[in-house]
Amino acid sequence: MKSYLILRLAGPMQAWGQPTFEGTRPTARFPTRSGLLGLLGACLGIKRDDRTALQTLSDSVRFAVRCDPSLVDGRAIPVSGLRDYHTVMDAREDYRGLKSHETIQTWREYLCDAVFTVAVWESERATLRLQDLQTAVRKPQFTPFLGRKCCPLTQPLFVDLCEALGPQQALANYLPEGGDIYSEASGDGAGQRFTVRDEPIIALPRQFASREWHVIKGEPDVSQ
């Protein structure tokens, strides 16, 4: 048996950025590893320039994410997308060959009416413990948000601290069951897998390494 911290990510909008530059800012269809690390880092009160603390957090945790239906009166609300238009001053000089800091156009993508349940567990070389994370998510030092500051939570982040044989079993303890699971664990019946550039290289800001997510397909249960 292993310990799992269970979190719920729900809000009217979420944005889990994929590697990009200054133009279109796409969102992944589920919370990325870099986004989840940022969320936990905020709860712990880690500042963005504290690379030692950020590396300790990254080395200590692994994730599995279940995509849940958003239910209203027993009816599932489908997840939709939103694209927001902005202009940005002082764009980085290597964006589209800019030779000086200029104002550019940018489009930012969001998920609307998305809900995720996340299982967090300690890695083999963890020095940060789940009990510390439990304390942090229940009483965060910095305000947590769902990818961007304009994406607040509408439900408590903390759900439970439980024991289970694996992340899939841990998530199955909490309704609604049946959604697709994206897991960093290769077992638990995972079939498909795909590579995502969402492993932050802490020593190199805005740089990411590629890694694999394993997919456990499911059918959402909207009867609850």
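Owing to the predicted nature of the structure, the values given are computational and were not obtained by experimental measurement. Numbers for residues simply follow the sequence, beginning at 1.
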Nearest 0.5 angstrom please: [X] [atom1] to [Y] [atom2], how far?
{"X": "D50", "Y": "I202", "atom1": "CG", "atom2": "CD1", "value": "10.5 Å"}
{"X": "Y4", "Y": "N173", "atom1": "OH", "atom2": "CG", "value": "11.0 Å"}
{"X": "E184", "Y": "R33", "atom1": "CD", "atom2": "CZ", "value": "4.5 Å"}
{"X": "L111", "Y": "S70", "atom1": "CG", "atom2": "OG", "value": "12.0 Å"}
{"X": "R197", "Y": "T32", "atom1": "CZ", "atom2": "OG1", "value": "12.0 Å"}
{"X": "L9", "Y": "C67", "atom1": "CG", "atom2": "SG", "value": "11.0 Å"}

Of all heavy-atom pairs between [X] and [Y], which one has the smallest distance, and what is that distance?
{"X": "L44", "Y": "D132", "value": "CD2-O, 4.2 Å"}
{"X": "S34", "Y": "F208", "value": "CB-CE2, 3.7 Å"}
{"X": "A64", "Y": "W121", "value": "N-CZ3, 3.5 Å"}
{"X": "K217", "Y": "V215", "value": "CD-CG1, 3.7 Å"}

One pair to check against side chain to side chain contact (heavy atoms under 4.5 Å, CB included): L5 and V61. What are the steps and the verdict?
CA-CA 10 Å; L5 177 66; V61 293; over 6 Å; no
Indicate every side-chain donor-acceptor pair of residues 113-120 with a distance under 3.5 Å to a residue at least two apart or in another chain.
from	atom 1	to	atom 2	distance (Å)
T117	OG1	R8	NE	2.9
T117	OG1	R8	NH2	3.4
T117	OG1	R66	NH2	3.3
T117	OG1	D68	OD2	2.4

Donor-acceptor pairs are to be reported for all side-chain atoms of residues 152-165 against protein atoms at under 3.5 Å, with residues two or more places apart or in another chain.
from	atom 1	to	atom 2	distance (Å)
T154	OG1	A10	O	3.3
D160	OD2	Y174	OH	2.6
E163	OE2	S3	OG	2.5

By side chain to side chain contact (heavy atoms under 4.5 Å, CB included) - contacts of [X] (at least two apart):
{"X": "T195", "result": "S210, E212"}
{"X": "T127", "result": "T56, S60"}
{"X": "T143", "result": "none"}

Which residues share a side-chain hydrogen bond (donor to acceptor under 3.5 Å, both in side chains) with [X], sequence neighbours left out:
{"X": "T27", "value": "none"}
{"X": "W213", "value": "D198"}
{"X": "R148", "value": "none"}
{"X": "R138", "value": "none"}

What do the steps show when you test Q105 against W107 for side chain to side chain contact (heavy atoms under 4.5 Å, CB included), and what is the final call?
CA-CA 7 Å; Q105 298 179 91; W107 292 263; 3.7 Å; yes
Is there a side chain to side chain contact (heavy atoms under 4.5 Å, CB included) between E177 and L175? Walk through the geometry before answering.
CA-CA 5 Å; E177 296 183 62; L175 296 176; 4.1 Å; yes
Under 4.5 Å between side-chain heavy atoms, hopping through other hydrophobics if needed: is there a path connecting L130 to L36?
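The answer is yes; both residues are in one hydrophobic cluster.
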Path from V79 to F30 over hydrophobic side-chain contacts below 4.5 Å
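They do share one cluster, since a chain of ILVMFWY contacts under 4.5 Å joins V79 to F30.
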I need the single residue from R29, R193, H214 that forms a side chain to side chain donor-acceptor pair (under 3.5 Å) with Y182. Which is it?
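For Y182, the side chain to side chain donor-acceptor pair (under 3.5 Å) test succeeds with only one of R29, R193, H214, which is R29.
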Quick one: ring-ring contact (aromatic ring centres under 6.0 Å, His included) pairs with a partner in residues 50-77, sequence neighbours left out?
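The answer is none; no pair qualifies.
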Cluster companions of M13 among Ile, Leu, Val, Met, Phe, Trp, Tyr (side-chain spacing under 4.5 Å):
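Once heavy-atom contacts under 4.5 Å are chained together, M13 belongs with L82, Y110.
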Salt bridge (charged side-chain N to carboxylate O under 4.0 Å, His left out) partners of R48, counting only residues at least two apart:
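Applying salt bridge (charged side-chain N to carboxylate O under 4.0 Å, His left out) to R48 gives none.
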Begin with the C-alpha distance, continue with both residues' side-chain angles, and end with the deciding distance and a verdict on side chain to side chain contact (heavy atoms under 4.5 Å, CB included) for S183 and R62.
CA-CA 9 Å; S183 177; R62 298 291 180 266; over 6 Å; no
